[in-house]
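Everything below concerns the one structure shown next.
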There are 2 protein chains.
Amino acid sequence: MGAQDDDSGAPRQRDGDPDRTPPDEATAGRQGAERARARNNNGTGTVPQADAAADGPGGGSRDHTTGRWPSIRGPRTGARATSRDVARVAGVSQATVSLVMGEKWRGRVSERTAEAVRSAARSLGYRPNLAARNLRLGRARTALLVVPALTNEFFARVHTGAARVAAEHGVGVLLYPSPEGVGPARDPFASARATLDGIIASSMAADALAAIREGGLPLVMLDSDPQRAETAATVNFDVAEGMRQVTEHLLALGHRRFTHLAADVDSWTFHVRARALADALRRVPGTELHTEPAALAVADGLRAAERALTRPGARPTALICDDDILAAGACKAARRLGLRVPDDVSVTGFDDLSLATAVEPELTTVRLPAEAVGEAGMRALLAVLDDRPAAAHALPVELVVRGSTSNSPG
Amino acid sequence: MGAQDDDSGAPRQRDGDPDRTPPDEATAGRQGAERARARNNNGTGTVPQADAAADGPGGGSRDHTTGRWPSIRGPRTGARATSRDVARVAGVSQATVSLVMGEKWRGRVSERTAEAVRSAARSLGYRPNLAARNLRLGRARTALLVVPALTNEFFARVHTGAARVAAEHGVGVLLYPSPEGVGPARDPFASARATLDGIIASSMAADALAAIREGGLPLVMLDSDPQRAETAATVNFDVAEGMRQVTEHLLALGHRRFTHLAADVDSWTFHVRARALADALRRVPGTELHTEPAALAVADGLRAAERALTRPGARPTALICDDDILAAGACKAARRLGLRVPDDVSVTGFDDLSLATAVEPELTTVRLPAEAVGEAGMRALLAVLDDRPAAAHALPVELVVRGSTSNSPG
DNA sequence: GTGAAAGCGCTAACAG
DNA sequence: CTGTTAGCGCTTTCAC
């Protein structure tokens, strides 16, 4: 099988072994060169001429013909030490290094040897090669988080929570930048970019999921329909309860004419909010509810609120918004129309982003524990990956009353 | 070398080959079982008893003794096909599959064969194993982005830009959640969680870098001191020019008494701003400049502005803030003190976050193209990795005049 | 208590 | 045009 020429250690000469011209230089030439390169050659190895030659004429810019990604071959300045290097320095076998570095040595390797390995590793700046470990282990300790734009503070918080829990468990988080708006992901290979163990996805990113689901990885859904069966677990907010609380709050302040500035997103969480609002008002005679859809941006909230406040008929006294961003826009609209918030019109938000306290008046809103949902989602995924049952979650929400709501003027 | 028992394909029985009791069951037992597990065994493989036994008593919750991460062994529902499976189905060699999937087949594999491979891959739902590819290639097509909390919209935008360019080049982005505030990263191994090709870091995350720099990977710094030599490239905003423009704008409006609400962060970008402001004012006789430090949060901006506006002596007529968040806080402070913005006091921000147009009055601010810096940073890193020179950048900034500034009252 | 060996799935050189 | 082969660096048995 002719494999003996390498395992002897010859090509890895550190300072010893300067001899041993390979017995079959002629045939092993190019192959050896390739290997030396691929290895991030550790030795001083003045690479033989064969190397440059093997790269083809010029050795520089090929690849233009293939249309493949550009090379990324980079200098990789500090050639990386492998466990074999550590073994050689420590005077032990490579397996022992693996045992020690993996903290699996107790009772199998003497304390003295372990320390020798550790110090050799330290001196060489050894860090295990994750690709190799993942390959061997068949998993990557990596989870994919699929959310809409992180520029939305809410999802940035979800990420923060998920990343924290992941870090505590030695798991990495890869973000999938779910395409803005709709449509399946452009690049189906994006999901393959890393080896993944599982996926956490927001309902708002549901569109991207079709492209991602390939592979049948465990999926934890966030803030989405618990009925959907294909998921390993679902972690939700009790948004219906939140909406009920907002409504009760406004009803108690005497409001009867409401407009719902509804997020223009086809997602479970917003359907639930709309229904909870309608249900809560249906129980109270003499109430009125209109709905204005709006994209999740200040300018759109502003326009929707303008429509709501200028439509024929009695003006609503309360604008219930699906989101703080919308609510900020609504406040601006009110003031542009010469109305005061909250004296002439009350406005409520949802999420309790930092925006809620940055604007004036500060927003009465429903606080959704975004980080907590990220944490719970990651915990659920870890549980599933660990064959433990994932606890079902509906995280409690909380009405936060601030300055944007007051007694109904009418 | 006794390796022939596998390459025959026996353990991978799809529906054929139900025979072939391994010739050396007795000795290969545990090893075979281990292999079957590690492989995400494709076959129907009712795993032999030896498997359960190999796991130790109960087969369930060991690991408690070792203190290692919990298992993550998960069911991995759809056992993943390998290139060998594809090869078998397509009736070609495994190498051919690799060629075809890697789009390197032109002129080497017939169109007919290539199509056969592709259809086999499709039918098996084959996706190449990235860990294996990375291991073989010695790189991971992955860059680490080190920024402070993504909940700051500015950094979320940087990420967006970087991730977009990365995606266009088939490169993944891993986020390093630089620890809030200070101190080196808690978990030095976090950086090893993936195999990395390079690093992009914000100057505000400079603290975390010490922990990350290990490995000598190419480093691109964002918005930081171009003098620092250890970096492969630096991508900056022309923040000095931005500060000059703000100052000129306010001077033109007649302002002479300024307070700088300075970000309480020891970072190049803020030092530059402070200096540019001082320089611009020094040239104009009769101007006054105080500085109030503040953490980057609305509440801190508010407090700092309160201090600035209530300190003994003539009140400043303009508050120049290092950040829109600070500016939002400053506006709130002014109003709490019964001052109108901009009539009594002008306020300016920096960044042009969405917050700048969410508040009222909308903020006059310096727009920093955050996504562009992310894009340029990633491009620079890709260039370095590709042995191309990275173009030096100082991205242009732009003063955006809105409602928070007007003629000086005094 | 330590070492030898196999092999994870892939790529690329080379032989046919 | 296709197949054979070596081996990336690691983990884990099993033999000593």
Side-chain angles (χ1 to χ4, degrees), chain A residues 1-7 11 27-40 50 54 80-87 91-102 104-114 117 126-139 195, chain B residues 1-3 5-7 27-40 50 54 80-87 91-102 104-114 117 126-139 195:
Chain A
M1 299 194 84
Q4 326 86 321
D5 68 340
D6 182 59
D7 285 316
T27 59
R30 303 189 54 158
Q31 187 154 304
E34 193 252 316
R35 201 169 53 223
R37 214 179 321 123
R39 266 194 180 180
N40 284 323
R80 197 154 148 177
T82 74
S83 60
R84 239 133 104 167
D85 298 321
V86 176
V92 300
S93 85
Q94 183 266 340
T96 304
V97 174
S98 182
L99 251 22
V100 173
M101 298 311 290
K104 291 193 163 51
W105 58 280
R106 305 209 168 271
R108 308 206 249 174
V109 176
S110 73
E111 175 63 66
R112 243 170 46 78
T113 313
V117 168
Y126 170 72
R127 286 184 311 144
N129 178 318
L130 268 283
R133 164 181 270 159
N134 290 343
L135 175 56
R136 178 64 236 244
L137 261 28
R139 0 122 313 195
T195 312
Chain B
M1 298 194 83
D5 69 339
D6 183 59
D7 286 313
T27 59
R30 303 190 54 157
Q31 186 154 305
E34 193 252 315
R35 200 168 56 225
R37 214 178 322 122
R39 266 195 178 180
N40 285 323
R80 197 153 149 178
T82 74
S83 61
R84 239 133 104 165
D85 298 321
V86 176
V92 301
S93 85
Q94 182 267 338
T96 304
V97 174
S98 182
L99 251 23
V100 173
M101 297 313 289
K104 291 192 164 50
W105 58 280
R106 305 207 170 272
R108 308 207 249 173
V109 175
S110 74
E111 174 62 65
R112 242 170 47 77
T113 313
V117 168
Y126 170 72
R127 286 185 311 143
N129 179 317
L130 268 282
R133 165 181 270 160
N134 290 344
L135 175 56
R136 177 66 237 243
L137 262 28
R139 0 124 311 196
T195 313

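Every value quoted in this text rests on a predicted model; they were computed, and no experiment measured them. A note on names: the letters A, B, ... follow the listed sequences, proteins ahead of strands, and every chain is numbered from 1.
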Rounded off to whole Å, could you give me the [atom1]-to-[atom2] distance for the [X] and [N] pair?
{"X": "B:Asn129", "N": "C:dG9", "atom1": "CG", "atom2": "P", "value": "7 Å"}
{"X": "B:Lys104", "N": "C:dA13", "atom1": "NZ", "atom2": "C1'", "value": "14 Å"}
{"X": "B:Gln94", "N": "D:dC1", "atom1": "CD", "atom2": "C1'", "value": "17 Å"}
{"X": "B:Leu135", "N": "D:dT11", "atom1": "CG", "atom2": "P", "value": "12 Å"}
{"X": "B:Trp105", "N": "C:dA13", "atom1": "CH2", "atom2": "C1'", "value": "21 Å"}
{"X": "B:Leu137", "N": "D:dG9", "atom1": "CG", "atom2": "P", "value": "12 Å"}
{"X": "B:Asn134", "N": "D:dG9", "atom1": "CG", "atom2": "C1'", "value": "13 Å"}
{"X": "A:Arg127", "N": "D:dC10", "atom1": "CZ", "atom2": "C1'", "value": "15 Å"}

Is the phosphate of [N] approached by [X] (side-chain N or O, under 4.0 Å from OP1 or OP2)?
{"X": "B:Ser93", "N": "D:dG3", "result": "yes"}
{"X": "A:Ser83", "N": "D:dC10", "result": "yes"}
{"X": "A:Thr113", "N": "C:dG1", "result": "no"}

Closest listed nucleotide, where the reference is the side chain of [X] and the choices are [options]:
{"X": "A:Arg136", "options": "D:dG3, D:dT11, C:dT2", "value": "D:dT11"}
{"X": "B:Arg108", "options": "D:dG3, D:dT13, D:dT2", "value": "D:dT2"}
{"X": "B:Thr96", "options": "C:dA5, C:dG9, D:dG3", "value": "D:dG3"}
{"X": "B:Arg133", "options": "D:dG9, C:dC10, D:dC1", "value": "C:dC10"}
{"X": "B:Ser110", "options": "C:dG3, D:dT5, D:dT2", "value": "D:dT2"}
{"X": "B:Tyr126", "options": "C:dC10, D:dT2, D:dT12", "value": "C:dC10"}

Might you point out which heavy atoms bring [X] and [Y] nearest each other, and give the distance in Å?
{"X": "B:Tyr126", "Y": "B:Ala81", "value": "CD1-O, 3.3 Å"}
{"X": "A:Asn134", "Y": "B:Ala131", "value": "CB-CB, 3.8 Å"}
{"X": "B:Val117", "Y": "B:Val86", "value": "O-CG1, 3.8 Å"}

**Request:** Report the residue (A:Leu99 or B:Ala114) whose heavy-atom-nearest nucleotide on DNA chain D is the more 5′ of the two.
**Result:** B:Ala114
**Atom pair CG/CD of A:Asp85 and A:Gln94 - distance to nearest 0.5 Å** = 10.5 Å
**Message:** With rounding to the nearest 0.5 angstrom, report the CZ to OG1 distance, A:Arg127 to A:Thr82.
**Reply:** 13.5 Å
**Asked** More 5' along DNA chain C: A:Gly107 or B:Val97, using each one's nearest nucleotide?
**Response** A:Gly107
**Asked** So what does A:Ser98 touch, heavy atoms closer than 4.0 Å: a base, only the sugar-phosphate, or nothing?
**Response** base
